Amino acid sequence: MSSSVNHSIKLSLFTIFSRILGFIREYFQAFFFGTGAISYAWEIAFLFPGILRNLLVEGGIAQAFIPIYTSVISKGKDSQKEASRAGGAVLVFVFLMMFVVMVLAMLTIPYIFPMITRQSREESSFMIRLGWILLLFMPLASITAILSGIANSHRYFSIPALSPIVMNVGLIFGFLILDKTESPMLHAKTLAWFFVGTGMIQFFILYLYLVRLKISPRFTLPFSHPAVKSTIYIMLPAILSTAVFQINQLIDVIITSYHIPPDAGGLPALRFAQRLMQLPTGIIGVALSTAILPILSYTIQTGKHQESAHEIGNSISFSLFLTIPASIGFFFLGEDIINFLFRGGLWDQKSTHLTWEALRFYLLGIPLYSMNKILVAIFFAHKDARSPLFCMIVSTILNFVLNLIFIRSLGHGGIALSTAIASFVYLLQLIFFLQKKHLIFPFVHIIRFFYRAIPLWILFTVFLMALNYIMRGTEYKEFTSFLIQFLGTDNFSRWEGFPRIFVGVGGGFIIYMFIAWKMGIKELQFFLSFFKKRFSKKSSS
């Protein structure tokens with residue numbers, strides 16, 4: 001089985017658990033904040049640290065560091081000491097850089113937030129204070145990203161995958177201890193401090209783990225080490241590429257804020273829809289790109305190009321095997337899922353409807369987002385961050401134009417549709433540059449996969465269509481009423497769609513995998529081989 005797919009399945013299991021915790025966290029957030037003014041303030045305050053984190057940590061630093069570090073550890077047995085020095089030098093440099101960025105951001109947001117929200121400085125003072133607290137997470141996130149990159153380069157993926165789990169557990173604990181009688185503003189401040197605390201816990205867990213593995217970084221002055229210079233060389237275009245992506249998201253927020261009033265709920269609904277969309281892309285696309293980058297970097301450094309082609313082909317087909325049915329399932333069950341996850345407290349039917357208006361368009365891009373993650377990892381493995389930068393600039397300009405066109409007729413749903421179309425154009429550009437630079441893209445492998453998988457997707461769609469038709473009749477409503485009485489809850493609106501979700505997700509997964517098995521879909525064997533290997537290890541031990 002493909003090594004990257006094998007590791008990605010392991011990462012996906014951690015991600016699934018993290019996403020479940022994330023939805024529990026989102027439920028509490030929806031319960032306490034709804035989609036009103038406090039939720040709006042939280043989203044804006046969280047946006048700036050989130051942009052900087054994606055821009056500098058995940059988008060630039062982490063992806064630039066792994067190929068450099070992998071090239072050091074691939075030189076032989078005695079390379080670990082040099083790798084420790086290289087990792088330590090980059091870590092110190094990154095921490096100092098992020099500390100400066102944090103201070104500059106704290107000085108800047110009192111002017112940026114009022115401009116984004118069209119509010120006075122006094123009106124936006126609450127979200128400014130929230131932003132100051134959340135920015136303290138930035139230096140912690142940067143060094144955690146470097147420590148995760150070190151572990152991933154040595155093919156240790158499990159413990160780094162715990163980082164989002166730690167964050168979600170910390171925030172859920174914060175919600176649980178909140179006093180419901182206190183003001184939502186105080187709730188938001190308390191949760192912001194809990195968020196910073198999870199960053200400290202993540203750092204200590206990862207550092208102690210690397211110490212135990214004897215691959216911990218050796219802290220040295222960074223300014224003369226060649227690994228720092230090499231990382232900066234790759235990191236700068238990577239940061240610019242991610243900066244364009246973050247500007248893209250910021251444009252979405254600004255256009256939404258200018259065309260839709262804050263109390264209308266458009267922006268929070270858009271953000272909740274993004275998080276639901278990120279469930280399959282995080283479980284599949286991010287896991288595959290995280291696993292494939294160090295593996296491709298190693299195979300390229302050692303000249304194993306045939307193995308690289310095998311890894312890329314299997315990763316893309318495995319991604320499509322899972323993301324396309326996820327999009328189909330969300331299309332038929334999305335509104336029920338939103339209602340079941342978030343209904344209650346300040347979250348009402350209007351909030352559900354607003355979120356579904358955005359999610360239905362984001363669904364078009366779920367397979368595209370995951371493929372783009374994998375293709376960008378190919379460029380980084382070849383130490384090329386410039387090509388994705390150019391592609392992202394073109395897609396951002398297109399997204400901006402489409403936003404202005406679609407928001408007039410589709411509201412915040414038009415923002416989601418623009419994002420999906422721009423992602424498709426981004427994918428086409430990445431494939432074009434892979435061909436132009438004579439890098440590997442397995443066209444034949446993908447075409448053969450589509451030939452085998454299209455009948456599978458058609459049958460899966462027919463099943464969900466039939467389910468959707470059958471489970472909306474009178475008998476279904478009577479069964480739902482019985483279920484609600486059995487559970488002892490009066491929240492009919494939340495539980496109304498649960499039987500459809502249960503049968504659609506659970507039964508759909510079983511039927512999809514059964515049909516794939518009967519049709520001999522190779523990608524299913526990746527699942528079976530992974531679990532067979534794990535169970536055989538347990539039985540032998």
Side-chain angles (χ1 to χ4, degrees), residues 18 48-70 72-73 80 82-106 132-154 156-168 170 192-225 227-232 234-236 238-239 242 286 290 293-294 380:
S18 173
F48 207 81
I51 286 176
L52 289 176
R53 180 187 178 189
N54 293 330
L55 170 62
L56 298 173
V57 179
E58 296 177 356
I61 295 169
Q63 294 188 69
F65 170 72
I66 288 177
I68 302 301
Y69 186 83
T70 304
V72 177
I73 62 175
Q80 184 52 51
E82 178 57 31
S84 295
R85 286 193 290 269
V90 173
L91 190 147
V92 173
F93 168 76
V94 167
F95 177 80
L96 293 175
M97 180 185 70
M98 292 302 296
F99 183 82
V100 172
V101 169
M102 179 191 73
V103 173
L104 292 175
M106 286 183 170
W132 283 337
I133 298 171
L134 293 171
L135 280 168
L136 297 173
F137 182 77
M138 296 306 306
L140 298 168
S142 64
I143 56 180
T144 299
I146 296 298
L147 296 177
S148 297
I150 292 173
N152 291 343
S153 298
H154 288 276
Y156 297 109
F157 294 96
S158 298
I159 300 301
L162 289 176
S163 291
I165 294 175
V166 170
M167 183 189 73
N168 285 324
W193 283 112
F194 268 93
F195 182 72
V196 175
T198 61
M200 298 180 65
I201 296 172
Q202 289 171 2
F203 165 72
F204 283 115
I205 289 175
L206 266 174
Y207 184 74
L208 293 175
Y209 177 65
L210 296 184
V211 169
R212 189 174 73 86
L213 294 174
K214 298 181 180 179
I215 56 172
S216 59
R218 185 176 299 175
F219 300 103
T220 57
L221 292 177
F223 305 106
S224 61
H225 200 285
V228 176
K229 298 177 182 178
S230 300
T231 302
I232 294 173
I234 302 175
M235 184 177 69
L236 289 178
I239 287 175
T242 311
V286 175
T290 301
L293 177 55
F380 274 95

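Remember, predicted model here, so these are calculated numbers, not experimental data.
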Please examine the side chains of Met106 and Met102, heavy atoms only from C-beta on, and report whether any two atoms are closer than 4.5 Å.
yes
Heavy-atom closest pair (Ile133 atom, Val196 atom, distance to 0.1 Å) is O-CG2, 3.3 Å
Heavy atoms of Phe195 and Met167 approach each other most closely as CE1-SD, 3.3 Å
So CG of Leu147 and OG of Ser216: to nearest 0.5 Å the spacing works out to 9.0 Å
CD1 (Ile159) and CG (Leu206) are apart, to the nearest 0.5 Å, by 8.0 Å
Correct closest heavy-atom pair for Thr144 and Leu140 would be OG1-O, 2.8 Å
On a heavy-atom basis, the closest approach of Tyr207 and Pro217 is CE1-CD, 4.3 Å
In this structure, OG1 of Thr198 is separated from CD1 of Ile205 (nearest 0.5 Å) by 10.0 Å
What one should report as the nearest heavy-atom pair of Ala151 and Leu210 is CB-CD2, 3.9 Å
Side chain proximity check, Pro139 to Ile143, heavy atoms < 4.5 angstrom = no
